[in-house]
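So the structure is just underneath, and the comments pick up after that.
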Amino acid sequence: MPEHPAASGAADSDDAPAVPETGADRADVDAVTHAGADRADVDAVTHAVLTASRLLVAVAARSLAAVEDRVTLPQFRLLVVLSTFGDAKLVELADRLGVNPSTAMRMVDRLIAAGLAERRVNPGNRRETVLTVTPDGSRLVADVTAGRRREIAAIVERLAPKQRTALVEALTAFTEAGGEEPAPSVHPLGWT
């Protein structure tokens, strides 16, 4: 008598998935399925973040357009760091910006020439020099940030209240996962 396909473990059609024969086999299939779902989830979130980052970069570029004759984006970032975290030694500043000290020095020199930053003797150690933002530099950062804030607020206002709450939670988790230090609330500035 011929063996029945179901009894031998054969599938009824080419499209039907193979049925695992043991609990261990089922666990392997579940793990692979779960890993595939995790990968798809990570890919979907990555795509959404990249898309949102394009929007945020466009907002940032528009906010800097009014001052592009005075500062470049990297110079603006340096001013934001000084405005947010206070006076810093050159090496600390370069580290925060993720650039070489020589690159940071060239940016600082240009900002000093423009009257937006200055060098001061460190009151805690008179042999050291610290870099600081000038009042004119602080105004520039505040003006650019205010423009950026207005444009982002206009976008956020289009979201439903539940979406806003979810966005705050998601962005907070994202920045924490990325290791970004929160800016002090006294200086709620733009990107650093």
Side-chain angles (χ1 to χ4, degrees), residues 46 48-157 159 164-165 167-192:
T46 300
V49 170
L50 285 171
T51 302
S53 73
R54 283 197 312 268
L55 171 63
L56 292 171
V57 167
V59 168
R62 286 190 296 270
S63 70
L64 281 170
V67 296
E68 68 186 353
D69 59 324
R70 296 186 72 193
V71 294
T72 63
L73 176 59
Q75 292 167 348
F76 180 75
R77 285 187 63 228
L78 189 148
L79 287 174
V80 169
V81 168
L82 285 176
S83 295
T84 304
F85 298 103
D87 299 354
K89 293 187 284 187
L90 182 67
V91 173
E92 294 168 347
L93 192 57
D95 187 49
R96 282 196 185 273
L97 294 170
V99 299
N100 293 323
S102 61
T103 302
M105 178 60 83
R106 284 191 299 277
M107 286 193 291
V108 167
D109 288 343
R110 290 183 185 116
L111 291 171
I112 289 171
L116 301 172
E118 62 186 9
R119 288 183 184 87
R120 291 187 184 166
V121 173
N122 184 349
N125 181 349
R126 306 222 22 104
R127 291 176 286 168
E128 289 180 347
T129 301
V130 292
L131 305 162
T132 187
V133 66
T134 64
D136 193 28
S138 290
R139 272 190 302 279
L140 183 135
V141 169
D143 291 347
V144 169
T145 302
R148 187 175 295 171
R149 182 178 296 279
R150 281 189 301 273
E151 191 168 348
I152 290 172
I155 295 167
V156 170
E157 285 174 352
L159 299 174
R164 294 176 195 166
T165 301
L167 185 60
V168 168
E169 291 171 0
L171 290 176
T172 300
F174 181 77
T175 55
E176 287 173 358
E180 180 69 19
E181 295 180 37
S185 59
V186 211
H187 299 287
L189 301 173
W191 301 334
T192 54

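Everything numeric in this text was worked out from a predicted model, so none of it was measured.
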Tightest non-hydrogen contact, residues P101 and L90, listed as O-CD2, 3.8 Å
side-chain contact (heavy atoms from CB on, under 4.5 Å) filter on L171, not counting sequence neighbours, yields L167
Across all chains, not counting sequence neighbours, the side-chain hydrogen bond (donor to acceptor under 3.5 Å, both in side chains) partners of R62 are E151
Contacts of T103 meeting side-chain hydrogen bond (donor to acceptor under 3.5 Å, both in side chains) (sequence neighbours excluded), chain-then-number -> R106
For T134, the side-chain hydrogen bond (donor to acceptor under 3.5 Å, both in side chains) test, sequence neighbours excluded, returns none
What I'd like to find out is whether the side chain of L56 reaches to under 4.5 Å of the side chain of I152, using heavy atoms alone. yes
Taken to the nearest 0.5 Å, the spacing of L97 CG from R77 CZ works out to 5.5 Å
*asked:* When you compare the side chain of V67 with that of F76, does any pair of heavy atoms fall below 4.5 Å?
replied: no
Between N100 (side chain) and S102 (backbone), is there a donor-acceptor pair under 3.5 Å?
-> no
The side-chain contact (heavy atoms from CB on, under 4.5 Å) partners of Q75 (sequence neighbours excluded) come to V71, T72, M107, R110, L111
d(L55 CG, L50 CG) to nearest 0.5 Å is 13.0 Å
**Asked** Do L78 and L93 come close enough that some side-chain heavy atom pair is under 4.5 Å?
**Response** yes
Those residues at least two apart in sequence (or on a different chain) that pass side-chain contact (heavy atoms from CB on, under 4.5 Å) with V49 are V45, F174
d(S63 OG, R149 CZ) to nearest 0.5 Å is 12.0 Å
Sorted by chain and number, sequence neighbours left out, side-chain hydrogen bond (donor to acceptor under 3.5 Å, both in side chains) with T175 holds for none
Correct closest heavy-atom pair for V144 and L64 would be CG1-CD2, 4.0 Å
Here the salt bridge (Lys or Arg N to Asp or Glu O under 4.0 Å) pairs for residues 134-146, sequence neighbours left out, are R70-D136, D136-R139
| Taking C-beta and beyond as the side chain, do V156 and R164 meet within less than 4.5 Å on heavy atoms? | yes
In residues 117-124, what donor-acceptor pairs under 3.5 Å come from side-chain atoms, sequence neighbours left out?
unit_1	atom_1	unit_2	atom_2	d
E118	OE2	R120	NE	2.9
E118	OE2	R120	NH2	2.9
R119	NH2	D109	OD1	2.4
N122	OD1	G124	N	2.9
N122	ND2	E128	OE1	2.8

Sequence neighbours excluded, the answer for side-chain contact (heavy atoms from CB on, under 4.5 Å) partners of E176 is T172
_Do E92 and D95 make a side-chain contact, defined as non-hydrogen atoms from C-beta onward lying under 4.5 Å apart?_
no
